[in-house]
Peer 1: 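My structure is below; once you've seen it, I'll send some questions.
The chains referred to below are lettered A, B, ... by the order of the sequence lines, with proteins before strands, and numbering in each begins at 1. In what follows, every heavy atom counts, from backbone to side chain, and hydrogens, waters and symmetry copies are set aside. Everything numeric in this text was worked out from a predicted model, so none of it was measured.
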Amino acid sequence: MNMTRLLIPTRKEAPSEIESLSHSLLVRGGYITQLISGVYTYLLLGLRIKNKIINIVREEMDYTHANEILMPALQPLEYWEQSDRRRAFGEILFSLQDRKNRELILGPTHEEVVSKLFAENVDTYKQLPLTLYQIQTKFRDEARPRGGLIRVREFTMKDAYSFDLTDKSLEDSYQKMVQAYENIFYRCGLPVVKIDADSGAIGGKGSQEFIYLHSTGEDTVIMCECGYAANEEKAQIKIETNKKEKTIDYTKIETKNITTINKLSDFFDLPKSKFLKAVLYIAKNEAMEDIPIIALIRGDLEINEVKLTNIIKLSGIRNMNDDEIKSYGMVPGFTGPIGIDKNIQVVADASVVPSYNLISGSNEINYHYLNTNYDKDWKADIIGDIHLAVDGALCQLCGKQLSSKKGIEIGHVFKLGQLYSEKFNIKVSGSNQDTITPTMGCYGIGIDRILASAAENTLKKDSLNWPITIAPFHVHIIFLGDEELSNSAIKLTIDTIEDSGLEILIDDRNETPGKKFADADLLGIPIRILISKRNTANGEVEIINRTTQKTTFAPIESFNDDVLDIYSELLNTYTV
RNA sequence: CGGGGCUUAGCUCAGCUUGGUAGAGUGCUCGGUUUGGGACCGAGAGGCCACAGGUUCGAAUCCUGUAGCCCCGACCA
């Protein structure tokens, strides 16, 4: 294709509000352009990349015998009431009414629709296992879109749903998807780590995320040399228990204006692990009533609010403000579990149960208690793991120090179990005249996030460098003078390359070399050919493999051979 | 949803403090000279100064409100 016929609006400068380098280069290269917050137009280059990613995803999905379908973006709100997810998604749901005032939503995901679809069309065990997938536009009214294509409100997702008769069979379906995902990311040239994840609002009983590690990511991953990796919400750590001591009766001690664990630790000259930290929250029950919560944890640890939310089985958790704390008869800075209002639900981290003679707040201003002990002095309604895994914590598996890294979630796989099967009354006939409720899995890939991550992964200052498998074109031919444009021997060779199936972008514009080079760097096409007097005078053209940075010269009549060699060499790198 | 910032030419920005004819660079058009890393000379087109209201003889500029966009946090299948 000739650049004079294409809309590729490259720019010297990106809009000032853009922060991330990859986003800036995607805008400057004329790949995408923003319409409104979190909603982007894909121009020719961006769309070509996106379509290539989609093709790779489709090939790998089809290889697992998943069925491609296409469900509508418009969905009836009733389905979401039936699954009880209307509340869980809340304002994320884009909603609208049709002319008959029927409530509709723009689908943020498709568990409901696919469950109905399955319930109405599959009747017998003989049709299982079955996996359905689609590549489709999702809508989520995010509170805060950010980072270019990383968090957007309208995006393309590959979502797959598996239906199996048994847990063992689900495990097979799940592993097939995991393998397909690894193939997809490999072919897209994107290094990912697979981590244990919290299953969040989708629900279910097991899930993993595929993360592209990068500092601009929104997710925090906890990793160990031994291979253990999980997201921050899910990560389990090994906690050294305090040394066993003889328990002593607690006594009050004055601690004037000493309100934080750090100050207490200095004041008493004791490690933070000798204190009991109390954090107060308000959560909502199903009737949307406020439930007060006190969470207790050892002073050296932090509370993981996701784990806390899961364990108390309530939603909408938030910190109590000072007035609320006072209304429950407590004092900010001096809170503790002893003698508190009976309506407060007490949740204790496992770390405080075998800890001895901890110093805790007394719920009286300027006083703490020395030597408080679990069971003897106070009890919890719920005990469990509610601590946060932080950088430097110890790995539960091997005991080495964990490190924390930021990353972008580009794929997520879940074992849903029978959650939706039950809600949508999905049943199939079994082989023994019985009825079986299938077990489900769901699997998502963010297509746009692959594109953004691939850009991030290969960018250099003012240039992108696409892997050959997803590059918008394979070959970029740059004419530096217009005399060569009409050279028939060159034309013939270019035609030969095109006939071999390679996609060629020809810069036939009347621009200065500097501008052409700068644009070419932004376009990041893997094989670049320069044609100018300087080379054609020797009967040659110049070929640059942008991955290896190697430059070669080849005859005008036969440079197609060299180009094809580089192409196959590059392609090999991304073949599974 | 809390906190902060921004909004003037297609793009990047100045002008606002101290009210008085709308500016630069870049991009675009035309002519010429150039042509291996965002060239040069000349001529042009291009504006509801986000929107609404107010103060004033007069508002891009001062005041009020609204909206849009970005960032931090909360939230995030």
Side-chain angles (χ1 to χ4, degrees), chain A residues 9-20 23-24 27-28 30 33-39 80 83 85-93 107-112 138-148 150-153 155 157 159 161 197-204 207 209 216-220 231-233 281 305-306 309 315-319 321 408-409 411-414 416 419-420 442-446 461-463 478-484 507 509-522 528 530-537 541-542 544 551:
Chain A
T10 56
R11 294 182 188 292
K12 258 185 184 170
E13 289 168 296
S16 55
E17 67 257 20
I18 293 180
E19 299 277 311
S20 100
H23 183 201
S24 161
V27 171
R28 286 182 51 206
T33 175
Q34 186 181 52
L35 181 64
I36 53 174
S37 179
V39 179
W80 288 75
S83 66
R85 285 212 296 179
R86 184 187 181 177
R87 199 160 45 96
F89 272 74
E91 298 198 305
I92 298 273
L93 282 179
T109 175
H110 280 73
E111 281 79 12
E112 284 77 5
K138 301 283 189 254
F139 298 87
R140 295 182 186 180
D141 195 1
E142 295 290 346
R144 179 145 106 80
R146 75 185 91 184
I150 297 304
R151 178 160 294 273
V152 288
R153 300 195 294 168
F155 59 99
M157 184 180 193
D159 46 325
Y161 305 90
D198 183 76
S199 39
I202 277 212
S207 101
E209 287 174 6
T216 58
E218 305 184 275
D219 294 346
T220 304
N231 74 16
E232 187 179 43
E233 288 76 36
Y281 294 95
E305 293 179 6
V306 173
T309 303
S315 60
I317 186 173
R318 62 173 174 85
N319 283 100
N321 62 38
I408 299 165
E409 177 192 347
H412 203 157
V413 291
F414 296 85
L416 294 172
L419 203 67
Y420 294 89
C442 77
Y443 316 89
I445 287 184
K461 187 182 183 308
D462 294 325
S463 85
I478 301 170
F479 284 90
L480 290 177
D482 49 7
E483 283 167 44
E484 286 75 16
D507 193 344
R509 297 173 303 168
N510 180 22
E511 294 286 354
T512 58
K515 165 115 173 114
K516 289 190 174 190
F517 284 128
D519 282 351
D521 288 348
L522 284 170
R528 183 181 296 176
L530 296 180
I531 301 179
S532 71
K533 267 186 228 155
R534 188 190 283 189
N535 305 316
T536 51
V541 300
E542 183 176 344
I544 302 158
T551 299

Peer 1: By the 4.0 Å heavy-atom rule, please label A/Asp462 as base, sugar-phosphate, or nothing.
Peer 2: nothing
Peer 1: Would you mind pulling out the nucleotide paired to B/U17, Watson-Crick or G-U wobble, both distances under 3.5 Å?
Peer 2: none
Peer 1: In whole Å, what separates the C1' atom of B/A59 from that of B/U55?
Peer 2: 10 Å
Peer 1: NA contact type, A/Gln34, heavy-atom cut-off 4.0 Å: base, sugar-phosphate, or nothing?
Peer 2: sugar-phosphate
Peer 1: Categorize A/Gly147 for me: base, sugar-phosphate, or nothing, with a 4.0 angstrom heavy-atom threshold over every strand shown.
Peer 2: sugar-phosphate
Peer 1: Quantified in whole Å, what is the C1' atom distance between nucleotide B/G46 and nucleotide B/G10?
Peer 2: 9 Å
Peer 1: With a 3.5 Å limit on both atom pairs, tell me what B/G47 is paired to, counting Watson-Crick and G-U wobble, or say none.
Peer 2: none
Peer 1: Taking C-beta and beyond as the side chain, do A/Thr216 and A/Ile150 meet within less than 4.5 Å on heavy atoms?
Peer 2: no
Peer 1: I want to check something: taking the side chain as every heavy atom from C-beta on, are A/Thr109 and A/Arg85 in contact at a cut-off of under 4.5 Å?
Peer 2: yes
Peer 1: Does B/G42 have a Watson-Crick or wobble partner in any strand here, with both distances under 3.5 angstrom, and which is it?
Peer 2: B/C30
Peer 1: Taking the side chain of A/Asp519 as heavy atoms from C-beta outward, which of B/G73, B/G37, B/G38 is closest to it?
Peer 2: B/G38
Peer 1: Assess the residue pair A/Glu511 and A/Asp519 against the criterion (side chain to side chain contact (heavy atoms under 4.5 Å, CB included)); give the C-alpha distance rounded to whole Å, side-chain angles, the decisive distance to 0.1 Å, and a yes or no.
Peer 2: CA-CA 11 Å; A/Glu511 294 286 354; A/Asp519 282 351; over 6 Å; no
Peer 1: Does A/Arg153 reach a base, just sugar-phosphate, or nothing at all? Heavy atoms under 4.0 Å.
Peer 2: nothing
Peer 1: Between B/C13 and B/G47, how far apart are the two C1' atoms, rounded to whole Å?
Peer 2: 15 Å
Peer 1: Under 4.0 Å from OP1 or OP2 of B/C70: is there any side-chain N or O of A/Ser16 that close?
Peer 2: no
Peer 1: Identify which nucleotide among B/C69, B/G37, B/G36 has an atom closest to any side-chain atom of A/Glu17, counting heavy atoms from C-beta outward.
Peer 2: B/C69
Peer 1: Could you please spell out the steps behind the side chain to side chain contact (heavy atoms under 4.5 Å, CB included) verdict for A/Thr10 and A/Lys515?
Peer 2: CA-CA 10 Å; A/Thr10 56; A/Lys515 165 115 173 114; 3.7 Å; yes
Peer 1: Regarding A/Pro15, tell me which of base, sugar-phosphate or nothing describes its non-hydrogen contacts under 4.0 Å with the strands shown.
Peer 2: sugar-phosphate
Peer 1: Determine the interatomic distance between C1' on B/C6 and the same-named atom on B/A74; round to the nearest Å.
Peer 2: 22 Å
Peer 1: Rounded to the nearest angstrom, tell me the gap between atom CD in A/Glu233 and atom C1' in B/C75.
Peer 2: 11 Å
Peer 1: Within the side chain of A/Arg28, is there an N or O that forms a donor-acceptor pair under 3.5 Å with the backbone of A/Arg11?
Peer 2: yes
Peer 1: By the 4.0 Å heavy-atom rule, please label A/Asn535 as base, sugar-phosphate, or nothing.
Peer 2: base
Peer 1: Of the nucleotides B/U12, B/C11, B/G37, which one has an atom closest to the side chain of A/Arg11?
Peer 2: B/C11
Peer 1: Rounded to whole Å, how long is the line connecting atom CD1 of A/Ile92 with atom P of B/A74?
Peer 2: 15 Å
Peer 1: For A/Glu542, answer base if it contacts any base atom (sugar-phosphate contacts may also be present), sugar-phosphate if it contacts only those atoms, and nothing otherwise; contact means non-hydrogen atoms under 4.0 Å.
Peer 2: base
Peer 1: Counting the atoms with a prime plus P, OP1 and OP2 as sugar-phosphate, which does A/Ser532 contact under 4.0 Å by heavy atoms, base, sugar-phosphate, or nothing?
Peer 2: base
Peer 1: Return the pairing partner of B/A59 with a 3.5 Å limit on both distances, Watson-Crick or G-U wobble; otherwise return none.
Peer 2: none
Peer 1: When you measure from the side chain of A/Tyr161 to the backbone of A/His110, do you find a donor-acceptor pair of N or O atoms at a distance under 3.5 Å?
Peer 2: yes
Peer 1: Roughly how many Å apart are B/C69 and B/G42, using the C1' atom of each and rounding to a whole number?
Peer 2: 39 Å
Peer 1: For atom C1', what is the distance between B/C62 and B/C1, given to the nearest Å?
Peer 2: 32 Å
Peer 1: Check this for me: does any side-chain nitrogen of one of A/Arg528 and A/Asp521 sit under 4.0 Å from a carboxylate oxygen of the other?
Peer 2: yes
Peer 1: Now, which nucleotide makes the Watson-Crick or G-U wobble pair with B/C75, with each of the two distances under 3.5 Å?
Peer 2: none
Peer 1: So what does A/Tyr281 touch, heavy atoms closer than 4.0 Å: a base, only the sugar-phosphate, or nothing?
Peer 2: nothing
Peer 1: Counting the atoms with a prime plus P, OP1 and OP2 as sugar-phosphate, which does A/Glu305 contact under 4.0 Å by heavy atoms, base, sugar-phosphate, or nothing?
Peer 2: sugar-phosphate
Peer 1: Just jot down the ring pair (Phe, Tyr, Trp, His ring centres under 6.0 Å) partners of A/His23, sequence neighbours excluded, or say none.
Peer 2: A/Tyr40
Peer 1: Under a 3.5 Å limit for both distances, which nucleotide forms a Watson-Crick or G-U wobble pair with B/A9, could you say?
Peer 2: none
Peer 1: Indicate yes or no: at least one non-hydrogen side-chain atom of A/Leu480 is less than 4.5 angstrom from one of A/Phe517.
Peer 2: yes
Peer 1: Give one of base, sugar-phosphate or nothing for A/Ile36, where a contact means two heavy atoms less than 4.0 Å apart.
Peer 2: sugar-phosphate
Peer 1: Heavy atoms from C-beta onward define the side chain here; which of B/C69, B/C71, B/G38 lies closest to that of A/Arg144?
Peer 2: B/C71
Peer 1: What's the CD-C1' distance between A/Glu91 and B/G2, to the nearest Å?
Peer 2: 14 Å
Peer 1: Let me have a per-nucleotide readout for nucleotides 25-35 of chain B, 5' to 3', with B, S or -, counting only protein heavy atoms under 4.0 Å.
Peer 2: ----------B
